[in-house]
Amino acid sequence: IYIDSGLSYSQIDEQPQDVTIAQGRDTSFTVVASGGFGYQGTTLPGLTYQWEVSTDGGASWTAIDGATVPSATTATLSLTAVTLSQDGDQYRCQVAPVVGTAPALTSAAATLTVSQDDVPPTLVSAGAVAGTTTAGVVFDEKVDQTSAETAGNYQISGATVSAATLVGPSFVELTLGATAPASFTVTVNNVTDVAGNPIAAGSSMAAEVLDWTSEDIGLNVGTDPLPGLATYGGNGSWHVVGGGNDIWGANDAFHFVYTTWPADTPFEFTMQVESLTGSGSTWAKVGAMARISNSPDSFETMQVLTKSDGENLYSHQWRPVSETDLNSGSLPGGDRPTPIEYPVWVKFRRPDASANTFVALRSTDGGATYEQYSEYTTVDPLWGDLLLGIAITSHEAASVSQSVIHNFSLVEYTPPVGANLTISEDPATGEITIAWDVGTLQSSPTVDGTYTDVGATSPLSFTPAAGASAYFQVLVTP
């Protein structure tokens with residue numbers, strides 16, 4: 001820990017850890033730190049991060065360029081498709097307060113060990129949206145583009161495969177000669193991972209066919225270049241493509257894949273958005289949406305994710321009622337957190353169907369915990385069932401944007417049970433007992449410090465040392 005005369009301070013609470021991983025896989029290093037600047041009772045939190053790499057056993061260090069590796073200036077350094085040449089590289093982080101004169105603290109070095117990949121890829125899932133002419137296949141690791149895009153490497157019972165496109169590192173979209181069968185099996189041969197290991201001959205999997213609707217809404221025939229599409233890869237994996245002028249103002253133009261949801265049932269979306277790319281504008285959008293109908297001017301509320309090389313922010317928007325007046329339209333709500341560093345985990349929920357409130361949440365720790373960043377309650381009561389699904393727009397009539405999504409779910413929302421944290425003392429012995437019903441007990445030496453997991457189950461009993469103090473909380477994931 002460092003504290004200077006200007007009251008700026010920083011400390012490293014958890015050092016980055018060594019990582020061992022097979023070639024071609026993604027990995028990350030994380031440093032947990034706290035700090036800021038305090039003056040006359042006011043605390044201005046904020047730290048800067050700069051990751052460095054050493055390729056000579058720690059003899060020399062080079063700062064990783066944040067322009068080419070954006071995560072190099074965040075608490076978590078993300079490395080994609082590591083190679084055998086990176087085996088033995090070491091990584092450390094320089095941490096300093098945003099304000100003040102406290103010098104940077106240097107974390108401990110962590111070593112990356114990259115092993116030879118001799119494990120072949122396997123099938124994770126397969127699927128399709130009923131009535132569409134595409135199907136998705138998802139592997140357990142990144143696959144070689146040439147072998148993955150060879151249409152002859154795939155067979156579908158009851159349909160022909162005319163083309164195969166690698167739309168994500170492990171997601172292949174198959175173009176079919178006709179609409180997807182109501183049920184089918186996908187068989188794969190000769191597809192290899194990036195290390196050249198071929199999938200087991202005759203690998204097959206039953207597809208999950210989802211009875212949802214996939215359609216363009218508000219697009220101008222002849223003006224918008226390509227129709228949108230939604231390909232389901234099974235097990236919560238999606239590839240969605242959409243054009244359209246925007247989801248905004250009095251009328252929307254976008255692609256929507258959705259199901260009908262009962263009006264009296266609360267809901268919760270969860271999804272890991274792997275990417276949002278394409279030639280659309282900086283305001284290209286993807287996210288979970290609820291609307292009354294497929295009319296372009298319908299009521300809607302949407303959790304918005306933008307491109308990391310565009311607006312680079314999360315948002316939440318809504319149109320209060322169906323409108324034809326251009327002066328009425330969607331409004332941004334709450335905070336607009338930034339930046340977006342894909343892949344990202346988000347939730348969008350209507351926790352109480354009778355209250356007409358919609359809540360947007362995001363996770364900064366890979367889906368372990370979520371924080372709310374926006375909430376909206378409709379001005380007018382909603383009527384009838386809702387259309388719930390994934391919406392995407394390029395925000396430009398002459399282009400399309402696309403997104404790959406994994407771990408998608410839409411379920412009835414059940415509120416978490418309260419932690420019911422209690423602390424009691426035995427007057428005779430001074431023993432402290434802490435009890436809680438659900439969640440993870442955490443402690444900190446100060447009330448506004450960094451809380452870390454205690455690693456205990458309820459109840460926890462101990463006798464504190466004389467003069468010692470600690471603060472406790474229970475973390476319950478929403």
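Values in this document were obtained by computation on a predicted structure and should not be read as measured data. Quick note: residue numbers are just sequence positions, from 1.
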Trainee: List the atom of Gly244, the atom of Ser394, and the distance in Å for their closest heavy-atom pair.
Mentor: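 Looks like O-OG, 3.4 Å.
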Trainee: Hydrogens and angles aside, do Asp453 and Thr440 bring a side-chain donor and acceptor to less than 3.5 Å of each other?
Mentor: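 Per modelled atom types, Asp453 and Thr440 side chains form no pair under 3.5 Å.
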Trainee: Which pair of non-hydrogen atoms, one from Gln23 and one from Gln116, has the smallest distance, and what is that distance?
Mentor: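 Reported closest heavy-atom pair: OE1-NE2, 2.9 Å.
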Trainee: Looking at Leu166, is its backbone amide N or carbonyl O close enough to the side chain of Glu149 to form a donor-acceptor pair, meaning the two atoms are under 3.5 Å apart?
Mentor: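 Yes: the side chain of Glu149 pairs with the backbone of Leu166.
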Trainee: Any donor and acceptor pair, going by atom type alone, linking the side chain of Gln155 with main-chain N or O of Gly152 inside 3.5 Å?
Mentor: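 Looks like yes, one N/O pair under 3.5 Å.
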Trainee: Apply side chain to side chain donor-acceptor pair (under 3.5 Å) to the pair Ser28 and Ser78, showing each step before the final yes or no.
Mentor: CA-CA 4 Å; Ser28 62; Ser78 298; 5.3 Å; no
Trainee: Would you check, one step at a time, whether the test side-chain contact (heavy atoms from CB on, under 4.5 Å) holds for Thr213 with Val257?
Mentor: CA-CA 5 Å; Thr213 301; Val257 56; over 6 Å; no
Trainee: Among Asp193, Thr80, Asp26, which one satisfies side-chain hydrogen bond (donor to acceptor under 3.5 Å, both in side chains) with Lys142?
Mentor: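 With Lys142 as partner, Asp193, Thr80, Asp26 yield a single side-chain hydrogen bond (donor to acceptor under 3.5 Å, both in side chains), made by Asp26.
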Trainee: Could you tell me which residues satisfy salt bridge (Lys or Arg N to Asp or Glu O under 4.0 Å) with Glu52, sequence neighbours excluded, listed by chain and number?
Mentor: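 So Glu52 forms a salt bridge (Lys or Arg N to Asp or Glu O under 4.0 Å) with Arg92.
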Trainee: The criterion is side-chain contact (heavy atoms from CB on, under 4.5 Å); which residues satisfy it with Asp144, sequence neighbours excluded?
Mentor: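 Asp144 satisfies side-chain contact (heavy atoms from CB on, under 4.5 Å) with Thr146, Ser147, Thr192 once adjacent residues are dropped.
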Trainee: Quick one: ring-ring contact (aromatic ring centres under 6.0 Å, His included) partners of Phe256, sequence neighbours excluded?
Mentor: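 If we apply the ring-ring contact (aromatic ring centres under 6.0 Å, His included) test to Phe256, skipping adjacent residues, the hits are Phe254, Tyr258.
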Trainee: Once salt bridge (Lys or Arg N to Asp or Glu O under 4.0 Å) is applied, do any residues pair with Arg291, and if so which ones, sequence neighbours excluded?
Mentor: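 Salt bridge (Lys or Arg N to Asp or Glu O under 4.0 Å) check on Arg291 returns Asp252.
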Trainee: List for me each residue that meets salt bridge (Lys or Arg N to Asp or Glu O under 4.0 Å) alongside Glu141, sequence neighbours excluded, and say none if there are none.
Mentor: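 Only Arg25 meet the salt bridge (Lys or Arg N to Asp or Glu O under 4.0 Å) criterion with Glu141.
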Trainee: Does Asp211 CG have over 12 foreign heavy atoms under 6.0 Å away?
Mentor: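 Check fails, neighbour count at 12 or below.
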Trainee: One pair to check against ring-ring contact (aromatic ring centres under 6.0 Å, His included): Phe348 and His316. What are the steps and the verdict?
Mentor: CA-CA 10 Å; Phe348 188 55; His316 178 198; 5.4 Å; yes
Trainee: Pairing donors with acceptors under 3.5 angstrom, does anything connect the side chains of Ser281 and His395?
Mentor: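 Yes, side-chain donor-acceptor contact under 3.5 Å.
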Trainee: Between Leu387 and Thr260, does a side-chain contact (heavy atoms from CB on, under 4.5 Å) hold up when you go through it step by step?
Mentor: CA-CA 5 Å; Leu387 305 182; Thr260 302; 3.8 Å; yes
Trainee: Under the side chain to side chain contact (heavy atoms under 4.5 Å, CB included) test against Tyr91, which residue among Leu77, Val31, Val19 passes?
Mentor: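 With Tyr91 as partner, side chain to side chain contact (heavy atoms under 4.5 Å, CB included) holds for just one option, Leu77.
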Trainee: Indicate the atoms forming the closest heavy-atom contact of Tyr154 with Ala164, along with that distance.
Mentor: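 Reported closest heavy-atom pair: CE1-CB, 3.8 Å.
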Trainee: In plain terms, say whether Asp246 and Lys285 are close enough for a salt bridge, that is, a side-chain N and a carboxylate O under 4.0 Å apart.
Mentor: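 Yes, charged N to carboxylate O under 4.0 Å.
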Trainee: Distance-only, no hydrogens or angles: does the Arg319 side chain make a donor-acceptor pair with backbone N or O of Gly249 under 3.5 Å?
Mentor: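 Checked: pair present.
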Trainee: Checking Asp18 now: which residues fulfil salt bridge (Lys or Arg N to Asp or Glu O under 4.0 Å) with it, not counting sequence neighbours?
Mentor: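 None.
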